[in-house]
Amino acid sequence: MAYPFSFPITFFWLIIVHSAFYNKKAMNGKLLIFSAPSGSGKTTIVKRLLGQIPELEFSISACSRPKREGEVNGRDYHFLSVDEFKKRIENDEFVEWEEVYPGSFYGTLKSEVERIWQKGHHVVFDVDVKGGLNIKRLYGQRALAIFVMPPSIEELQKRLELRGTETPETLAKRVGKAREEMGYTKDYDLVIVNDNLDKAVAETMETVQRFIQQP
Ligand code: ADP
Ligand code: 5GP
């Protein structure tokens, strides 16, 4: 008996099945948004979470601020000049972007979200409050928005000083912005007060596990 399918038809079906498989994987992808005033401990909590839940993957943002010591281009951020950043805005390459501090642009690339979903992973965002709420508005039930709160502004300032990454000017900018950001907690799905780090991580972990297991 002659083989019923010619090579082009078999090839065509293979492509359909392959793309349906990958689209299904991408369709199940969720979004976990973390926002917090700088110094609250959000990066510390997110790193612990990523280390413990293998289906989570960090969305590497683009930004135009200078690289800090120890940061790696393409791992911590895609570091761009202000001109390059603006070109990408014109090309409609961002899900969202903000001028988080005067002259410093930060944004989530559409290609980054697609890349992570295509792997069947859930996307973790570390974004400012406005960016976080924009992502939540865009994706609705598919997104969980978590706000990490410091126990107080005084403790936040102390943590930033101990982290040793700020000049007196950037420290003042970050503390000033923190007061403004703390007014947005009501718009988030979950507020975690990061007083005791282990407790904050455990609480976050439990909520995230429950959320990603939902159909
Ligand atoms: P963010 O990402 O919110 O700017 P980081 O994760 O960089 O904050 O944390 C700021 C500093 O506070 C870091 O030096 C970190 O080790 C420290 N830190 C984080 N959580 C706690 C905590 N619960 N108690 C004391 N220090 C903390
Ligand atoms: P940092 O300079 O400390 O790395 O980040 C400063 C602020 O920019 C943080 O609040 C961080 O969450 C926010 N940020 C980082 N990436 C993005 C992004 O892609 N979009 C938005 N809107 N904010 C971001």
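Just follow the structure's listing: the first ligand is 1, and inside any ligand the first atom is 1.
For atom 27 (C) of ligand 1, the nearest non-hydrogen atom from the set E161, K199, R159 belongs to R159. Here atom 17 (C) of ligand 2 lies nearest to S61 when heavy atoms of S61, A36, S35, P37 are compared.
Below 4.0 Å from some heavy atom of K42 lie the following atoms of ligand 2, by number and element: 9 (C), 10 (O), 11 (C), 12 (O). The atoms of ligand 2 that sit less than 4.0 Å from any heavy atom of Y77 are 1 (P), 4 (O), 5 (O), 15 (C), 16 (N). Listed by number with element, the atoms of ligand 1 under 4.0 angstrom from any heavy atom of P37 are 3 (O). Under a 4.0 Å criterion applied to the non-hydrogen atoms of G107, ligand 2 contributes the atoms 18 (C), 19 (O), 20 (N). Near E98, meaning under 4.0 Å from any of its heavy atoms, are these atoms of ligand 2: 22 (N). Within the listing of ligand 2, atoms 6 (C) sit less than 4.0 angstrom from a heavy atom of Y101.
In terms of N/O distances under 3.5 Å, ligand 2 is not approached by S38. Taking distance alone, with nitrogen or oxygen atoms compared against 3.5 Å, W97 stays at or beyond that limit from ligand 2. Considering backbone and side-chain atoms alike, E71 places every N or O at 3.5 Å or more from each N or O of ligand 2.
Under a 4.0 Å heavy-atom criterion, S40 is in contact with ligand 1.
You'll find the ring centres of F85 and Y106 outside the 6.0 Å limit.
From the protein, the heavy atom lying nearest to atom 20 (N) of ligand 1 is N194 ND2, 3.0 Å. In terms of protein heavy-atom proximity, atom 7 (O) of ligand 1 is nearest to R163 NH1, 2.9 Å.
Aromatic ring orientation, W97 versus F105: tilted (interplanar angle from 30° to 60°).
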